[in-house]
Amino acid sequence: MWKKILFACSLLLGIGAVCAIPFLVGFDKTMSAIGAVGIGPIILYVGNALLVLIVPAISWTILMRGEGLKVPVSDAIKANLMGYPLNYITPSLYLGGEPVKLIYLSNKHNIAKRRLLATIIVAKFQEVAAIFLASLVALSAFTVQTDYFTVGIEILLLSGLLVLISLLGLLSAAFVKNWQITVKGIDFLGRIGIAKEKMKRLRVKAAEMEHLIHLTFTKRWRTYLLAQTITLVSALSVFIRPFIYFRFQGEGMNLGVDHLCAI
């Protein structure tokens with residue numbers, strides 16, 4: 001019963017917050033802004049914004065199916081909707097909602113948490129990889145097409161991004177080679193005397209989880225590439241969102257490719 005009450009209160013709170021915006025900003029100003037843009041462009045913009053919730057859920061479902069977990073896409077979308085708001089209120093680099101997603105699907109479908117966690121780790125890795133790849137392409141295009149920055153600044157920006165991508169590549173190699181970074185970290189904590197018995201039990205689960213991730217990168221690489229391609233669509237949707245917004249703002253507000261790459 002309390003879950004239904006919580007759901008109803010949350011729904012009313014969300015609807016109330018949306019309805020309050022015109023009154024906080026000014027009803028006339030809000031209606032004027034909507035009228036200037038038009039309902040069609042607003043629907044297009046909102047649809048683009050929804051891709052960051054729906055597309056990652058689809059790619060995550062593909063990863064889960066590859067692992068033999070028969071979780072419907074609808075449940076993956078629900079899990080993403082539950083976890084997404086927490087990403088903005090927890091200081092954990094957009095990882096705050098992952099435990100909520102894990103618990104929800106684990107309880108609903110009676111799946112071992114470490115199996116789900118393995119797919120979540122791969123899915124988050126793919127999201128970061130897609131964003132870095134899109135950033136590298138955008139930054140490269142911007143530096144080639146424009147002369148806004150000095151050569152030194154351009155080299156600094158590209159070098160910084162390449163360092164991040166190299167770290168991502170190193171993590172990818174750890175998964176492919178099955179270096180079991182988590183297991184080694186647990187072993188280290190056990191050796192220095194931190195919760196030895198608990199670390200022994202945790203080590204078994206961590207080893208199984210890392211083995212599942214290793215299989216996704218090696219034995220199920222076709223599934224991985226398919227999910228990664230779909231995730232790239234989500235990353236690109238974020239990059240083109242400013243273009244959609246400014247495209248309908250009237251004369252003088254259209255963005256060129258160079259501006260889009262800069263953003």
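Start at 1 with the first residue, then count along the sequence. The figures that follow rest on heavy atoms only: side chains count, while hydrogens, waters and symmetry mates do not.
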Classify the angle between the aromatic ring planes of Phe125 and Tyr224 as parallel (below 30°), tilted (30 to 60°) or perpendicular (above 60°). tilted

To the nearest 0.5 Å, what is the distance between [atom1] on [X] and [atom2] on [Y]?
X	Y	atom1	atom2	answer
His109	Asp75	NE2	CG	3.5 Å
Leu139	Leu158	CG	CG	4.5 Å
Leu133	Ile165	CG	CD1	7.0 Å
Asn178	Leu215	CG	CG	8.0 Å
Ile120	Met64	CD1	CE	8.0 Å
Thr231	Leu236	OG1	CG	11.0 Å

Same apolar cluster (I L V M F W Y, side chains within < 4.5 Å links), [X]/[Y]:
X	Y	value
Val52	Ile43	yes
Tyr45	Val233	yes
Val176	Phe132	yes
Leu225	Ile213	yes
Trp60	Trp221	yes

Check for a donor-acceptor pair, side chain of [X] on one end and backbone N or O of [Y] on the other, with a separation under 3.5 Å.
X	Y	result
Ser106	Ile103	no
Ser172	Leu168	no
Arg203	Ile186	no
Arg65	Lys70	no
Thr216	Leu212	yes
Lys205	Lys113	no

Taking all heavy atoms of [X] and all of [Y], pick out the closest pair and write down the distance.
X	Y	answer
Leu63	Thr119	CD1-O, 3.9 Å
Gly66	Arg220	O-CD, 3.0 Å
Ser59	Pro56	OG-O, 2.9 Å

Carefully, step by step, assess Val55 and Ser237 under the rule side-chain contact (heavy atoms from CB on, under 4.5 Å). CA-CA 10 Å; Val55 174; Ser237 73; over 6 Å; no

For Leu69 and Leu116, what are the C-alpha separation, side-chain angles and deciding distance, and is it a side-chain contact (heavy atoms from CB on, under 4.5 Å)? CA-CA 8 Å; Leu69 308 177; Leu116 273 173; 4.0 Å; yes

Thr182 and Glu210: side-chain donor and acceptor closer than 3.5 Å? yes

May I ask you to test the Ile77-Val73 pair for a side-chain heavy-atom distance under 4.5 Å?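 With C-beta onward as the side chain, the pair touches.
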
With a 4.5 Å limit on heavy-atom distance, are the side chains of Glu67 and Val122 in contact? no

Between Glu127 and Lys124, does a salt bridge (charged side-chain N to carboxylate O under 4.0 Å, His left out) hold up when you go through it step by step? CA-CA 5 Å; Glu127 289 181 30; Lys124 297 306 291 187; 3.3 Å; yes

Residue His214 excluded, over 12 heavy atoms near NE2 under 6.0 Å: yes

CG of Asn110: more than 12 outside heavy atoms within 6.0 angstrom?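 No.
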
Evaluation steps, side-chain contact (heavy atoms from CB on, under 4.5 Å), between Trp179 and Leu170: CA-CA 11 Å; Trp179 291 347; Leu170 185 61; 4.0 Å; yes

Between Lys101 and Glu98, is the closest basic N to carboxylate O distance under 4.0 Å? yes

